[in-house]
Amino acid sequence: METRAIHADEALADAHAVAAPLYQTSTFKASDALEFAAMASVPMHERFYTRYGNPTRAQAEAVVAALDGAERAMLFASGMAAMTTAILACVRHGERIVAQRQLYPGVGGFLQRAPEWFGIDVAFVDQADTDAFAREIDARTKLVVLESPSNPLLGITDLPAVAALARSHGALTIVDNTLASPINAQPLALGIDLVMYSATKYHGGHSDLIAGAISGSNDLIERIWHASVLLGSALAPFEAWLALRGMRTLPLRMKQHNANAQAVAEFLATHPAIDRVNYPGLPSHPQHDLARAQMTGFGGLLSFRFKGGYAAADAFVGKLRHAARAPSLGGVETLVTHPASMFAAYESEEVLAQRGIDAGLVRLACGIESTRDLLADVEQALPA
Ligand SMILES: Cc1ncc(COP(=O)(O)O)c(C=O)c1O
């Protein structure tokens with residue numbers, strides 16, 4: 001993976017520039033009518049019009065695809081743009097989506113509106129209940145929407161089992177692999193059709209861009225590209241350039257994210273102020289064996305619940321010295337949030353609490369600081 005992150009785009013690279021050139025241009029000129037016609041008719045042509053394609057974006061997309069072991073990838077203006085474009089490319093009025101209930105609330109919110117906005121039927125199931133997927137996936141189902149591990153409770157979906165179920169009904173599967181990153185999980189190798197990311201997170205890695213990504217087969221990415229041209233959801237060149245620079249160090253960064261979250265999770269698991277730690281790398285996680293079977297590392301994000309409820313959670317967040325109180329994850333710096341407050345724009349307090357996102361829950365997105373310093377910071381912020 002370290003080598004792919006550096007060299008996978010070589011076929012598209014400039015012959016002399018060591019770093020990728022930034023093609024900050026909206027449009028490209030043809031030398032004659034024939035060349036113009038060729039540029040206009042080739043899907044994902046990278047030198048026609050930047051909403052269609054762009055050389056900097058194509059270079060970054062080559063690295064995304066290589067990291068996922070995919071034929072092709074596409075970069076979008078955000079993770080939400082990636083997921084919504086894929087959904088609209090794969091499902092029509094009168095067809096059905098089966099989705100797990102534990103989704104990033106933006107994606108869940110879009111799916112909740114899909115019946116009213118698009119006439120698409122949506123069934124939600126528990127990600128841990130593979131039998132529920134079997135009951136809901138039927139001949140009308142065109143897409144199964146998954147997220148593993150899920151944000152912010154770190155639930156795991158049995159990806160090979162759900163992929164096989166979907167395939168037996170002719171439905172496609174898409175998994176949001178943001179929390180794992182391609183370094184910790186390879187869903188395409190498990191039979192999933194499309195892998196989606198908020199590339200804002202680990203791919204970018206420095207909390208300085210908003211981007212999304214999808215990897216899959218040539219055919220599926222081309223289908224999604226046709227929808228993206230109409231929706232205008234592709235990533236702009238400068239953001240693609242930043243994402244490419246970020247991806248060069250993704251494998252290295254993930255090792256430290258994984259180590260930091262594992263150490264903090266193990267430390268909190270025995271602390272008397274905490275009644276539950278959600279992290280798939282802990283043997284106490286109810287799906288630890290499944291996580292180990294389909295992941296090689298467990299990522300930088302964990303959540304945990306304070307016995308003392310909101311007051312204890314907020315006191316902890318306020319005392320941390322190395323963690324900014326900010327949404328998002330995947331950057332080099334540690335961030336901390338209170339998910340029930342963060343997701344209030346999408347769901348009511350009652351619905352969030354029913355899903356386990358209650359007032360005592362804290363989400364820690366470990367950065368790549370030294371493990372020792374991070375642990376010391378967490379320890380000093382906890383009640384004595
Ligand atoms: C798991 C997950 N999926 C999707 C998204 C949406 O991505 P973006 O904010 O890049 O649109 C996020 C953002 O926080 C996320 O955490």
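Only this structure's heavy atoms are used, side chains among them; waters, hydrogens and symmetry mates stay out.
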Using the rule that Ile, Leu, Val, Met, Phe, Trp and Tyr join whenever any side-chain heavy atoms are under 4.5 Å apart, tell me whether Tyr104 and Val336 fall into a single cluster. no
Closest non-hydrogen atom pair between Gly216 and Ile221, with its separation: N-CD1, 3.6 Å
In sequence, state the C-alpha distance, the side-chain angles, and the governing distance for Ile97 and Leu111, and then conclude on side-chain contact (heavy atoms from CB on, under 4.5 Å). CA-CA 9 Å; Ile97 291 173; Leu111 290 175; 3.8 Å; yes
Backbone N or O of Ala340 within a donor-acceptor pair of the Asp358 side chain at under 3.5 Å? no
Under a 3.5 Å threshold, yes or no: a donor from one side chain and an acceptor from the other, between Asn151 and Arg363? yes
Quiz question: by atom type and distance under 3.5 Å, do the side chains of Glu347 and Gln112 form a donor-acceptor pair? yes
So, Glu333 versus Ser207: side-chain donor-acceptor pair below 3.5 Å or not? yes
Within one Ile-Leu-Val-Met-Phe-Trp-Tyr cluster: Leu154 and Leu329, side-chain cutoff 4.5 Å: yes
Between Gln127 and Ser148 (side chain of the first, backbone of the second, donor and acceptor by atom type, cut-off under 3.5 Å), is there such a pair? no
Does the side chain of Gln100 come under 3.5 Å of the side chain of Thr157 through a donor N or O and an acceptor N or O? yes
Between Asp275 and Arg305, does at least one N-O distance fall below 4.0 Å, as a salt bridge requires? yes
Apply side-chain contact (heavy atoms from CB on, under 4.5 Å) to residues Ser228 and Leu231 and explain how you reach the verdict. CA-CA 5 Å; Ser228 90; Leu231 293 165; 5.6 Å; no
Flag, side chain of His45 to backbone of Arg47, donor-acceptor distance under 3.5 Å: yes
Mind checking whether Met74 and Leu235 have side chains closer than 4.5 Å, heavy atoms only? no
Angle class for the Trp241/Phe238 ring planes (parallel below 30°, perpendicular above 60°, tilted otherwise)? parallel
Do Val175 and Leu194 land in one hydrophobic cluster if side-chain heavy atoms of ILVMFWY residues count as linked below 4.5 Å? no
Please state whether the rings of Tyr52 and Trp225 are parallel, tilted or perpendicular, taking 30° and 60° as the class boundaries. perpendicular
Between Glu136 and Arg96, does any side-chain N to carboxylate O distance fall below 4.0 Å? yes
Sidechain-backbone polar pair: Thr56 side chain, Pro21 backbone, donor-acceptor under 3.5 Å: yes
Could you check whether Asp314 pairs with Arg325 (Lys NZ or Arg NE/NH1/NH2 to Asp/Glu carboxylate O, under 4.0 Å)? yes
Does a side chain donor of either Gln262 or Glu266 reach within less than 3.5 Å of an acceptor in the other side chain? yes
Are any non-hydrogen side-chain atoms of Leu67 and Val64 less than 4.5 angstrom apart? no
Quick one: do Arg101 and Asp126 satisfy salt bridge (Lys or Arg N to Asp or Glu O under 4.0 Å)? Show the steps, please. CA-CA 6 Å; Arg101 199 167 289 118; Asp126 180 349; 5.6 Å; no
Might you confirm whether atom CZ of Arg276 has over 12 heavy atoms from other residues, nucleotides or ligands at distances under 6.0 Å? yes
Among side-chain atoms of Glu46 and Asn54, is any donor-acceptor pair under 3.5 angstrom? no
Spell out, yes or no, whether Val264 and Leu282 are grouped together once hydrophobic residues are joined by side-chain heavy atoms under 4.5 Å, including indirect joins. yes
Going by atom types alone, do Thr50 and Ser26 pair a side-chain donor with an acceptor below 3.5 Å? no
Are there over 12 heavy-atom neighbours, none belonging to Arg248, within less than 6.0 Å of that residue's CZ? yes
Identify the heavy atoms of Glu61 and Leu75 that sit nearest to each other, and give their distance. OE2-N, 2.9 Å
Scanning both residues in full, the closest heavy-atom pair of Gly299 with Asn184 reads N-ND2, 3.3 Å
Which atom names give the shortest non-hydrogen contact between Tyr346 and Gly106, and what distance separates them? CE2-CA, 3.7 Å
Start with the C-alpha gap between Tyr202 and Tyr197, add the side-chain angles, then the distance that decides, and say whether ring pair (Phe, Tyr, Trp, His ring centres under 6.0 Å) holds. CA-CA 9 Å; Tyr202 292 118; Tyr197 298 95; 9.5 Å; no
Using the rule given for side-chain contact (heavy atoms from CB on, under 4.5 Å), can you reason through Asp193 versus Ile174, listing the C-alpha separation, both sets of side-chain angles and the distance that settles it, and then say yes or no? CA-CA 6 Å; Asp193 295 298; Ile174 184 166; over 6 Å; no
Residues passing the ring pair (Phe, Tyr, Trp, His ring centres under 6.0 Å) test with His338, sequence neighbours excluded, are Tyr310
Neighbour count above 12 (heavy atom, 6.0 Å) for Glu35 CD: yes
Pair Asp219, Ser217: side-chain N/O donor-acceptor within cut-off below 3.5 Å: no
Does a side-chain heavy-atom distance below 4.5 Å link His285 with Ile156? yes
Report yes if the side chains of Thr334 and Leu364 come closer than 4.5 Å at any heavy-atom pair, otherwise no. yes
Start with the C-alpha distance between His257 and Ile368, add both sets of side-chain angles, then the distance that settles side-chain contact (heavy atoms from CB on, under 4.5 Å), and finish with yes or no. CA-CA 5 Å; His257 285 296; Ile368 60 170; 3.6 Å; yes
Would you find a donor on one side and an acceptor on the other, under 3.5 Å apart, between the side chain of Asn177 and the backbone of Ala180? no
I'd like to know whether Phe304 forms a ring pair (Phe, Tyr, Trp, His ring centres under 6.0 Å) with Phe316, so could you lay out the CA-CA distance, the side-chain angles of the two residues, the decisive distance to 0.1 Å, and finally the verdict. CA-CA 11 Å; Phe304 39 96; Phe316 171 80; 5.7 Å; yes
Is there a continuous path of hydrophobic side-chain contacts, each under 4.5 Å between heavy atoms, that joins Leu172 to Leu103? yes
Quick check on Phe118: does its CZ atom have over 12 non-hydrogen neighbours (other residues, nucleotides or ligands) under 6.0 Å away? yes
